[in-house]
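Worksheet: the structure to be examined is printed underneath.
Note: hydrogens, waters and symmetry copies are ignored here, and every other heavy atom, side chains too, is used.
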Amino acid sequence: MARVSQEHLDARRRQILAGAARCFARSGFHGTSMQDVLKEVGLSAGAVYRYFAGKGDLIAAIADDAFRIIRQSFEEAADLVPPPTPDILLGRVLRGVFEGRIFGMGRRECAALIVQVWAETLRDEQLARTLGEGYAGMREAWTKLVEAYRAAGLMPPGVPADDVARTMIAAAQGFMAQEALFGGVEPEVLENGLRGLMSMDPQKIS
C-alpha cells in the first residue's frame with residue numbers, strides 16, 4: 001500500500017477543521033454532533049477520528065489555528081521598520097480574520113465562531129488552556145511591537161508594554177464581538193476610531 005504524503009495528511013486535517021468550524025458557527029458547539037461534522041466534510045468516522053478524538057479536540061484545534069494566524073499577523077508587523085501604527089495594524093489583522101484566512105470562512109461566520117470559542121472556555125478546561133496559551137502568545141507579540149514602536153520613536157516610555165498589548169487585543173476582540181452580535185463591522189471603523197483616539201493631545205485639555 002502506498003504511503004500517504006504529509007501534504008495529504010495536512011490537507012485532510014484542514015478539510016476536517018474547516019467543515020467542523022462551519023458546523024460550529026452555524027449551530028453552536030452543543031448543537032453540533034460528530035455526525036453533523038462527518039456529513040459536512042463527507043468523510044467516514046474512521047477518517048475523522050484518525051485525526052481528532054471528538055468535538056473537544058476539534059474545538060481546541062480550531063482555537064489554536066485561529067490564534068496562530070492572528071499572532072502571525074502581529075509578529076510580521078513587528079519585523080517591519082518602522083512597524084505600522086496600531087490603527088493600521090489592527091485593521092490589517094481584522095481584514096485577515098474577516099476575509100477568509102481562518103478556514104476560508106465569511107466575516108460574520110468567523111466572528112460568530114470566535115465568540116462561541118470564548119464562551120466555551122468557561123466550561124472546558126482543555127480549551128481554556130489552549131486559549132490561555134494563545135492569549136499569552138499574542139500579548140508577547142504585542143509587547144515586542146510596543147518595544148519596536150519605542151525604538152522607532154513612535155511611543156514614549158512610561159506605560160507598561162503589557163498594558164498596551166492587552167488594550168489593543170481588547171480592541172480587536174470587541175470588534176469581533178460586535179460583528180458576531182450585530183454585523184456590519186468594517187475594519188475601517190476600527191482604524192478611524194483608533195486614529196481619532198491617538199490624535200488627542202492631553203496638553204490642550206484645560
Side-chain angles (χ1 to χ4, degrees), residues 60 62-103 105-108 110-122 127-206:
I62 288 169
D64 188 61
D65 278 15
F67 264 120
R68 177 182 51 79
I69 291 169
I70 296 171
R71 186 170 61 247
Q72 182 180 350
S73 298
F74 289 141
E75 292 171 344
E76 290 171 353
D79 291 334
L80 300 177
V81 180
T85 52
D87 55 325
I88 296 174
L89 173 60
L90 284 182
R92 181 181 301 172
V93 170
L94 283 181
R95 286 186 179 89
V97 172
F98 288 161
E99 293 175 6
R101 286 187 67 184
I102 298 180
F103 305 118
M105 301 176 73
R107 186 170 70 184
R108 187 77 180 272
C110 181
L113 176 65
I114 289 172
V115 170
Q116 289 188 66
V117 168
W118 295 340
E120 188 68 8
T121 62
L122 299 177
L127 186 57
R129 286 193 297 270
T130 297
L131 259 68
E133 293 169 358
Y135 180 56
M138 288 177 63
R139 285 170 61 181
E140 181 180 356
W142 253 105
T143 298
K144 292 179 180 178
L145 263 175
V146 173
E147 294 169 353
Y149 288 148
R150 288 175 176 162
L154 297 174
M155 182 180 292
V159 178
D162 187 58
D163 290 1
V164 178
R166 293 174 68 175
T167 299
M168 300 312 299
I169 293 170
Q173 290 175 321
F175 263 71
M176 291 178 191
Q178 285 186 32
E179 174 62 30
L181 295 171
F182 311 115
V185 173
E186 299 293 339
E188 290 82 2
V189 174
L190 177 61
E191 291 173 328
N192 292 335
L194 285 174
R195 196 170 297 124
L197 291 172
M198 291 161 54
S199 68
M200 290 194 300
D201 186 353
Q203 296 181 353
K204 294 183 179 180
I205 301 175
S206 58

Return the minimal non-hydrogen interatomic distance between R139 and A165, and the atom names on each side. O-CB, 3.8 Å

Could you give the distance from CG (L127) to CD (E120), rounded to the nearest 0.5 Å? 6.5 Å

Can you tell me how far the CD atom of E186 sits from the CG atom of N192, to the nearest 0.5 Å? 11.0 Å

Closest contact, heavy atoms only, A180 versus V115: CB-CG2, 3.6 Å

Report yes if some heavy atom in the side chain of M155 is under 4.5 Å from a heavy atom in the side chain of V164; otherwise report no. yes

In terms of heavy-atom contacts, I88 and E191 come closest through O-OE2, 4.2 Å

Minimum side-chain heavy-atom gap I114-Q173 below 4.5 Å: no

Here the gap from R166 atom CZ to T143 atom OG1, rounded to the nearest 0.5 Å, amounts to 10.5 Å

Closest non-hydrogen contact found for P187 with R107 is CD-NH1, 4.4 Å

dist I62:CD1 -> T130:OG1 (nearest 0.5 Å) comes out at 11.5 Å

F175 vs V93 side-chain heavy atoms within contact, under 4.5 Å: no

What are the two closest non-hydrogen atoms of T121 and L131, and how far apart are they? CG2-CD2, 3.1 Å

Hey, could you give me the CG/CE distance between L190 and M176, rounded to the nearest 0.5 Å? 9.5 Å

In Å, rounded to the nearest 0.5 Å, how long is the span from CG of L145 to CE of M168? 10.0 Å

Check whether any side-chain N or O of Y149 sits under 3.5 Å from a backbone N or O of P84 as a donor-acceptor pair, and report yes or no. yes

With a 4.5 Å cut-off on side-chain heavy atoms, are D64 and E133 touching? no

Nearest heavy-atom neighbours spanning D163 and V159: CB-CG1, 4.2 Å

Any non-hydrogen side-chain atom of R95 less than 4.5 Å from a side-chain atom of E188? yes

